[in-house]
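Naming: A, B, ... by sequence-line order, numbering from 1 per chain.
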Amino acid sequence: MRAFVSFSVLALIVVGLALSLSHVPFGKDRMQVANYYLDHGVADTGATNLVTAVVLNYRALDTLGEVTVLFIASLGLGVFLSWPKKKEGTQEEGKRELPEASLIVRRGSQFLFPLIILFGGYIFLHGHLTPGGGFQGGSVIASAFLLMFLGNNAYRLRHTPLTVTESLAGITFVVVGLIGLGVGGYFLNNFLPKGSMFSLFSAGVIPILYSAIGLKVGAELSGIVANMFESRSER
Amino acid sequence: MVATLLIALPFLGAFLIPLVALASKKLSHYIPAVVMLTNLGIALSLLPQVMNAPIVISLSGWSAPIAINFVVGPLGLGLAILISFIGFLVSVYGISYIHEEPKEKYHMLVLTLLTGATGMVLTGDIFNLFVFFEILSLSSYALTGYNRDRGGTEAAIKYLIQGSIGSSFILIGIALLYGMTGTLNMADIAAHVAGADPTLLFMAMSLLIVGFGVEAAIFPLNAWLPDAHSSAPSSVSAILSGIAIETGAYAVARIVYTVFDGHGIMLVLSILGVITLLIGEMSAFRQKDDIKRLLAYSSVGQMGLIMLAFGIASDAGVFAALFQLVSHTLAKALLFLASGYIIYRVGSKKLSALAGLGRKMPFTGAMIAVAVLSLVGVPPFAGFMSKFSIVRAALAQHSASYTGLIVLVLVATVIEVGYFMKLLQILFFTEAETEGRVKELPLSALIPITILAALIIAIGVYPHMISTVLQHAASGLVQRSAYIQSVLGAL
Amino acid sequence: MTTGNPMMYVGAVGLIMIGLFTVLSKRNLIKIIVGLTLLDTGVNLLLVAIGYIHNRTAPILTQAHADPSKMVDPVPQALVLTAIVIGLGVTALALALAIRVYGHYKTLDTRKIRGLKW
Amino acid sequence: MIYIAILTVAMLIAGLAAYFFRDLIAAVVACAAVSLIASVLFYLLQAPDVAMAEAAIGAGLTTAIFVIAIRKTGRYEK
């Protein structure tokens, strides 16, 4: 019965999608608004990566919303993975069932850690010029912490600095937007000079916003990874 | 310019809470209430201006189809007022009601949920609507399971799975719409859909309605609701039942009316509404055990009624839908807030445990009676006026199908009367098993409940208080070309 | 009717279907969440495929005199960036809940979990 | 063009594998393979930003948290 219902629902969707997509031919130019972005994007924003221009200028509010979604996810993880504290069970919490990793893995991960962080920082700082940006950079940073967790059994992440980074970065985003509101009359308006093309200090507020996003996403994802590692599945 | 703060402030507040919590945990619990009160003030101060003409705010400094824009019209602003008002009351209530740690996370999640709801009713961009919808729904998933007991966790994951399928559908719908029109601004899409292929149009619309319908609890998509609303902490149930599903209904209405001009499917919407109504009321009637579950099923029924009224595609119909939405929000928020502390005092969600409680805590009992009578539709409470206007709007259509639907609504009302009278009977006229008085609710709960009850009576006696705003809001939703013009004309 | 290669659409819709079918028919919570991520990936692929235009380059200027009219649509890419991150948030929350459910029931089988019959 | 066809088919096969594998770790690895191929497809669709994000988030971090979650629960689907 259930399989039958699922199958018929799926069949309905497949037919519907196929019929609809036949009217949206692949590879055709059907840009309306996007033409404006392509033509004026660089002049308007100073960012040579037009995806960044869209993400952080024309549709910057989506991005604020999306970092908020991650923020909520990490909050939710914090709620769900913290069991009510019991008196005797507390010292058990640090116990890990994994065997200790070999010296090479441990030293190697410690050696790679700053390099990966640096790489992540590079990715989000150059988000307005090259592919990549805050989300990619942030997830690279989180993967550095993941590596530390995998390589070192005793590795623990302090959550307070993460929380502070997270909220400071979020506040930076909103405050930059509010300054734009005060200076230019629009929320998230660009109020800094756009600079010359292809230089790091160009595109006005975009590098600031992308750094804030990079740090925020990095902190949130690291928090998620840390929470997952430190959680216990049972009381 | 001030209208932008309606969105910016909640974000700022949500990001501020963790920092404040490091300094003083107690202080951080007050932030949602403060933010919502400020929002309420801003929204009310904008109301006279908005009644004349909607304010269209473009973000990032580019005009309407280029960048995301907000349309602060009578409908959006009216709902934003409702959201910040209920949000404020629930935040005040939550300060003393929530006992489980981590409290500051609870307050952050409440604030983000309200942010999502406010953003959804104000935004004029369909992808932005999706993003705010995700903010709203992720916060609700997390809050549903906040107690971390068996029921809550289960309800949360059930809600999450169904909600995520819904949001994937929304995203597919947006993809099709973008492929069709090349733009994401709702007014711009609305201006372009007329010439599009009907299959494509229908598919995109169905996907979007199914997606938002999960949140709005339209009939086949509402399996999550009774679990989620009954297992969540009561303050959360109040928001979920009073704000979250209403926002979903708003999104469905916005999609159908503004984006697609879907006059062909209005009757379908009404029929789905009636089915939802009947199923909700019958399940509530059969519910003999759990008071919160009973209230949750009653929410399903009321959402069906709202959908039915939205389906009457006239000014009067949409007006009635919005009126019903307001009166349901007030009554259901009151009921959940009141039952929260009652359950806490009695120590059980069982209906039988509530026997004689109305006489033991007379004030709370009276407030509950007000809300219940309003939901049933007894004059002089708000619910009477709203149900009456739904019936009037449906009969004014002079069509056999709508008249038939109204007959079914009356049947559903009879069922509703049945179970709510049973609830009142248990509360007031059943001998209690134990002797002695039960302590009345604390002030932080009594004040919100009293305000809500006072509003229910005030609106019922003097409906003009809100009907002007609702009439403007209704015509704003029905008159599609005016909406398009107000957004795109502002180029 | 379709001038180009509709293979991308086939891939995207196929992935959406596999994801949906996994969610609808599997009984294991982790498997259901895997289905959700497959569904997400499929939707993202569909969005980017809709924004693709034949014989055009990525919307990133490499030299000052590059021709913007020879680039693909940047908007769906921006949307997908958002959608990917949202998908990760949902997945993380779902997994945390699954761990929690396992803590309560010692199983992830939806048939054995009281309320999870749908 | 033939590469796109091969990649798409490979992706769908990996997706089906994620459906059929009883071993959840294997299913998650298949899911990561789907993400990885999708990221190549994103690159071919001229979306390098998305390709990076999908590779880092979809194939990398998602898989990691899946594996952690599976370690905390049960490995086999019964």
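Looking at heavy atoms from C-beta onward, Leu176(B) lies in side-chain contact with Leu17(A) at the 4.5 angstrom threshold. Proximity of Ile171(A) to Leu19(B): side-chain heavy atoms (C-beta onward) are separated by under 4.5 Å at one or more points. Using a 4.5 Å cut-off on side-chain heavy atoms (C-beta onward), Phe202(B) and Leu19(A) make no contact. Side-chain contact between Phe173(A) and Phe15(B) is absent, with no heavy-atom pair separated by less than 4.5 Å.
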Interchain donor-acceptor contacts below 3.5 Å (chain A, chain B):
unit_1    : atom_1 : unit_2    : atom_2 : d
His23(A)  : NE2    : Asp197(B) : OD1    : 3.4
His23(A)  : NE2    : Asp197(B) : OD2    : 3.2
Val33(A)  : N      : Gly182(B) : O      : 3.3
Tyr37(A)  : OH     : Ile66(B)  : O      : 2.3
Asn57(A)  : O      : Ser60(B)  : OG     : 2.5
Asn57(A)  : OD1    : Trp62(B)  : NE1    : 2.7
Tyr58(A)  : O      : Ile68(B)  : N      : 3.4
Arg59(A)  : NH1    : Asp125(B) : OD2    : 3.2
Arg59(A)  : NH2    : Asp125(B) : OD1    : 2.6
Asp62(A)  : OD1    : Asn128(B) : ND2    : 2.6
Val79(A)  : O      : Arg148(B) : NH1    : 3.2
Ser82(A)  : O      : Arg148(B) : NH1    : 3.0
Ser82(A)  : OG     : Arg148(B) : NH1    : 3.2
Phe187(A) : O      : Ser60(B)  : N      : 2.7

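Looking at every heavy atom in both residues, Leu178(A) comes nearest to Ala8(B) through CD2-CB, 3.8 Å.
Comparing Gly152(B), Ala204(B), Pro102(B), Gly145(B) by how many heavy-atom pairs each has under 4.5 Å with chain A, the most go to Gly145(B). Between chain B and the options Val164(A), Leu64(A), Val175(A), the largest number of non-hydrogen pairs under 4.5 Å is found for Leu64(A).
Taken to the nearest 0.5 Å, the CG atom of Leu138(B) stands 6.0 Å off from the CD1 atom of Ile72(A).
Contact annotation for Phe70(B): only side-chain heavy atoms (C-beta onward) come within less than 4.5 Å of a heavy atom of chain A. Contact annotation for Ala169(A): neither backbone nor side-chain heavy atoms come within less than 4.5 Å of a heavy atom of chain B. Within the 4.5 angstrom heavy-atom criterion, only side-chain atoms of Leu5(B), from C-beta onward, approach chain A. Only the side chain of Ile172(B) comes within contact range of chain A, with heavy atoms under 4.5 Å apart. When heavy atoms are compared at a cutoff of 4.5 Å, Leu56(A) does not approach chain B at all. For Ile66(B), the parts lying under 4.5 angstrom from a heavy atom of chain A are both the backbone and the side chain.
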